[in-house]
Amino acid sequence: FLNQELKPRVDRGETVSDYEVQLKRKDGSLVDVRSVAVAYIDPVTGTRKVLTASIDQTAQKQAERQLQRQSEELRQVHRIGRTGHWEVDWTTGRRNVSAGLFELIGHQWGDEPGLDFVRKIIHADDLERFAGLRHQAQQDGLPFVFEGRILRADGTERWMYMEFVPHLDAAGKFTGSHGFVQDITERKGAELSLAERERLLSAIMESAPIAIFLKDRQGRYQLINRTYQRLSGRQPADVIGRSDAELSPAAIAAEMMRADQAVLQQGRMLSEERAPMVPMAGVEHVLVTKFPIRDTAGDIVGIGGFIADVSDRHRAEAALQAREQEFAAILENVPIAVFLKDRQSRFQRVNHQYESWAGVSQDQARGRTAVELFGPEHDEVGERSDDVVFERGQIVQFERPALLRRAGLEHVLVVKFPIRDAGGRISALGGFVLDVTARKRAEMALQESQAQLLESQGLGRTGYITS
């Protein structure tokens, strides 16, 4: 059974010791054998012979192969989980360090025990904390858990989780340690990002000028911000964990719960503007917005809400509406025609007097130009005057015959002026149309009398002198 490498050596008379072979038995099974082969000359027959001594080490080899498989599996676990382990005995110098730990830290162990190696890999900002924990463990023999940053040999920074177990001898002297490490960079990054988002959310919640609240699916308050506390006069201890049914009269609570159920059932944001359901100092109107809060699976787990004080806007809108009503009353009763146009000279509004004089209604005029309403022969001067107002920002006035002669209206005075927005830009054009028929008739009568007078003076060869 000697293989081709060993047989020539035995043939040359060499003693081949401590070699391993694998034999196949008659039943087909394999046997691991460790042997020593010695070549010698038989003194009786004078023939060359080989004497071998063999030990069956099949069980040992099977155990070694099993251990090798387990070690490889462990290395795979360390590699996938980014973990590693160590065991160090400073008294004997024995060290058992996993390959996963080497891969994790990117460094090799130093030759000398102590903190030198630790100082080499642990981030300076975390070193003092680790050294304190390690020193305490050496004193009391209790394990500790540490999370901190390490610096790899390539200069990159990683986060590490460590479980450290100290070894003490009978005299209480520190003799070594064992432990487990894991790369938690991704998890720590997520935690830090979450903490930053929570910090920003907290800052927004506490600084927001609107009331904010969160409820669970049962309608119990989970969070209220500072503005909510100020407006409602309630503190978190009065609200958190309680529902509207516990905080408000039955009728009001029922209305609040109805709105909550609508959000849960429809799964969308709902808003309404109304008077506050609960007393709020100085608040007359609020805009309440409620929306569903979903988990990562998309299921609704709660309700969020905003309460904005819109009292000032509501008062401003009421004042604006009152002023618009006053303006409309003046506009509709003033005895002159009034109109408004946009920058394209399209009518946006005309009053009742304009409708009467021009023979068009508000609906007919809106969105159309004078040329479209009355034809080009009626508004050549008007269109050009619009351009002067928009381009130069000047007030323009001129007299012209009435578009339609109605109820004695024959001549009008047209005044156009620019309307500017908050930025000072001309955004529209306003205009007045005044009836000057009487004045025009008087002027024409005067002109006619003057002409007659001149004619009579010419026929009678007469004149007059004033002094």
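Residues: numbered from 1 along the sequence shown.
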Task: Whether Arg217 side chain and Leu264 backbone form a donor-acceptor pair below 3.5 Å - done: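 No.
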Open item on the list: Would the distance check show the side chain of Asp386 and the main-chain N or O of Ser345 forming a donor-acceptor pair, the cut-off being under 3.5 Å?
Closed with: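 Absent.
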Task: Derivation of the salt bridge (Lys or Arg N to Asp or Glu O under 4.0 Å) call for Arg94 and Glu87 - done: CA-CA 8 Å; Arg94 182 175 59 86; Glu87 184 175 6; 3.8 Å; yes
Just checking [X] against [Y], ring centres under 6.0 Å apart?
X	Y	value
Phe417	Phe432	yes
Phe306	Phe291	yes
His178	His167	yes

Task: From His352, Gln348, Glu355, residue fulfilling side chain to side chain contact (heavy atoms under 4.5 Å, CB included) relative to Gln362 - done: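 In the set His352, Gln348, Glu355, the residue that makes a side chain to side chain contact (heavy atoms under 4.5 Å, CB included) with Gln362 is Glu355.
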Would you call [X]-[Y] a salt bridge at under 4.0 Å N-O?
X	Y	value
Lys215	Asp244	yes
Lys290	Glu272	no
Glu196	Arg199	yes
Glu273	Arg313	yes
Arg274	Glu255	no
Arg234	Asp238	no
Glu284	Arg315	yes

Open item on the list: So, applying salt bridge (Lys or Arg N to Asp or Glu O under 4.0 Å) with Glu410, which one of Arg400, Lys440, Arg441 is it?
Closed with: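 Answer after filtering Arg400, Lys440, Arg441: Arg441.
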With a sphere of 6.0 Å drawn around [atom1] of [X], does it hold more than 12 non-hydrogen atoms of other residues, nucleotides or ligands?
X	atom1	answer
Arg129	CZ	yes
Glu128	CD	no
Ile395	CD1	no
Arg392	CZ	no
Met257	CE	no

Open item on the list: Below 30° counts as parallel, above 60° as perpendicular, anything between as tilted: where do the rings of Phe130 and Phe164 land?
Closed with: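 Rings of Phe130 and Phe164: perpendicular, as their planes differ by over 60°.
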Task: Check against salt bridge (Lys or Arg N to Asp or Glu O under 4.0 Å), Arg294 and Asp299 - done: CA-CA 5 Å; Arg294 301 180 185 273; Asp299 297 324; over 6 Å; no
Taking atom types as modelled, is there a side-chain donor on [X] or [Y] under 3.5 Å from an acceptor on the other?
X	Y	value
Arg158	Thr185	yes
Ser177	Trp90	no
Asp216	Tyr221	no

TODO: Give the C-alpha distance, both sets of side-chain angles, the deciding distance and a yes or no for salt bridge (Lys or Arg N to Asp or Glu O under 4.0 Å) between Glu191 and Lys188.
DONE: CA-CA 5 Å; Glu191 290 177 354; Lys188 200 66 179 181; 3.6 Å; yes
TODO: Could you tell me the separation between the CG atom of Asp183 and the CE atom of Met160, rounded to the nearest 0.5 Å?
DONE: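 Rounded to the nearest 0.5 Å, the CG-CE separation comes out at 9.5 Å.
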- [ ] Please name the pair of heavy atoms, one in Leu133 and one in Phe146, separated by the smallest distance, quoted to 0.1 Å.
- [x]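 Closest approach of Leu133 to Phe146: CD1-CD1, 4.0 Å.
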- [ ] Of all the heavy-atom pairs spanning Arg343 and Phe390, show the shortest one and how long it is.
- [x]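 Of all heavy-atom pairs spanning Arg343 and Phe390, the closest is CA-CZ, 3.5 Å.
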